[in-house]
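Single-structure report; data block below.
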Amino acid sequence: MTDTTIFGKIIRREIPADIVYEDDDLIAFRDIAPQAPVHVLFVPKTPIATLNDLQADQAVIVGRLAQAAAAFAQREGFAEDGYRLVMNCNGDGGQTVFQIHLHLLAGAQLGRFGTPR
């Protein structure tokens with residue numbers, strides 16, 4: 001299965017990105033439309049469209065994304081102040097690129113999220 005998303009193009013270096021981490025299984029780069037002073041996307045290199053498509057034997061991928069994000073927060077010096085990790089699923093969940101990915105948001109006090117009541 002070939003990943004035709006923008007993330008697949010970044011992984012294949014077909015388009016540029018500000019890459020902050022990469023290993024054999026995942027890549028992390030700064031979001032081009034940041035929602036916080038620090039906004040980094042952690043993306044597995046295995047194409048999986050949504051969390052609904054994640055198979056039981058692939059669950060370790062989500063853990064690897066979270067571990068890489070936590071290590072990045074430590075390395076960059078904002079882990080103690082705090083950060084937020086977010087994964088969106090499908091349209092109502094806010095997913096716009098259909099390749100699972102984890103958002104790391106930090107660098108300011110983050111407010112509440114979700115729909116207003």
Side-chain angles (χ1 to χ4, degrees):
M1 178 172 161
T2 301
D3 183 2
T4 59
T5 69
I6 190 169
F7 295 165
K9 293 175 183 179
I10 289 170
I11 291 166
R12 292 187 301 275
R13 304 303 199 271
E14 294 171 2
I15 59 174
D18 183 1
I19 297 169
V20 298
Y21 177 79
E22 183 173 18
D23 65 24
D24 290 342
D25 301 315
L26 60 96
I27 191 167
F29 48 89
R30 296 191 189 279
D31 194 298
I32 60 170
Q35 302 299 303
V38 178
H39 188 169
V40 176
L41 304 176
F42 290 79
V43 182
K45 292 181 178 178
T46 301
I48 303 166
T50 76
L51 283 172
N52 293 339
D53 300 306
L54 187 72
Q55 301 300 304
D57 64 346
Q58 297 173 312
V60 69
I61 291 171
V62 176
R64 292 280 324 281
L65 295 174
Q67 285 181 316
F72 178 80
Q74 289 284 340
R75 194 168 49 252
E76 294 297 309
F78 56 79
E80 292 302 316
D81 289 336
Y83 56 95
R84 179 176 293 161
L85 301 179
V86 176
M87 292 186 81
N88 301 322
C89 185
N90 284 324
D92 282 358
Q95 186 175 8
T96 58
V97 177
F98 288 86
Q99 160 63 352
I100 64 168
H101 55 285
L102 181 143
H103 297 257
L104 179 146
L105 301 150
Q109 187 167 4
L110 302 171
R112 295 179 53 110
F113 61 95
T115 59
R117 296 196 176 250

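Since the structure is predicted, the reported quantities are computational estimates derived from the model, not experimental observations. Any value given below was found using the heavy atoms of this structure, including those in side chains, with hydrogens, waters and symmetry copies removed.
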Step-by-step side chain to side chain contact (heavy atoms under 4.5 Å, CB included) determination, Leu51 to Val62 = CA-CA 9 Å; Leu51 283 172; Val62 176; 4.2 Å; yes
dist Gln58:CD -> Ile48:CD1 (nearest 0.5 Å) comes out at 4.0 Å
Separation between CZ of Arg12 and OG1 of Thr4, rounded to the nearest 0.5 Å | 8.0 Å
Under a single-linkage definition using a 4.5 Å side-chain heavy-atom cutoff for Ile, Leu, Val, Met, Phe, Trp and Tyr, are Tyr21 and Ile6 assigned to the same hydrophobic cluster?
-> no
Nearest-0.5 Å distance that lies between atom NE2 in His39 and atom CD1 in Ile32 | 10.5 Å
With Phe7, the side chain to side chain contact (heavy atoms under 4.5 Å, CB included) member among Ile15, Leu41, Ile27 | Leu41
Among the clusters formed by ILVMFWY side chains lying less than 4.5 Å apart, do Ile19 and Phe72 turn up in the same one?
-> no
Partner of Phe29 by side chain to side chain contact (heavy atoms under 4.5 Å, CB included), out of Val40, Ile10, Ile11, Asp18 | Ile10
For atom CD of Gln109, decide whether the heavy atoms of other residues, nucleotides or ligands shown that lie under 6.0 angstrom number more than 12.
-> no
Pairs of donor and acceptor atoms involving the side chains of residues 79-88, under 3.5 Å and at least two apart or interchain, shall be tabulated with distances.
residue: Arg84; atom: NH1; partner: Gly111; partner atom: O; Å: 3.2
residue: Arg84; atom: NH2; partner: Gly111; partner atom: O; Å: 2.7

Inter-residue atom distance Gln99.CD - Thr50.OG1, 0.5 Å rounding = 10.5 Å
Is it true that Val20 and Phe78 fall in one hydrophobic cluster, defined by side-chain heavy atoms closer than 4.5 Å?
-> yes
What one should report as the nearest heavy-atom pair of Leu110 and Ala36 is CD2-CB, 4.1 Å
Hey, is the main chain of Asp25 close enough, under 3.5 Å, to the side chain of Asp23 for a donor-acceptor pair?
-> yes
Transitive ILVMFWY side-chain link Leu65 to Leu104, under 4.5 Å = yes
Please walk me through it: do Gln67 and Leu26 pass side chain to side chain contact (heavy atoms under 4.5 Å, CB included)?
-> CA-CA 11 Å; Gln67 285 181 316; Leu26 60 96; over 6 Å; no
Ile61 atom CD1: more than 12 heavy-atom contacts under 6.0 Å | yes
Roughly how far apart are Thr46 OG1 and Gln55 CD, rounded to 0.5 Å?
-> 12.0 Å
Nearest atoms (heavy-atom pairs only) where Gln95 meets Ile100 = NE2-N, 4.4 Å
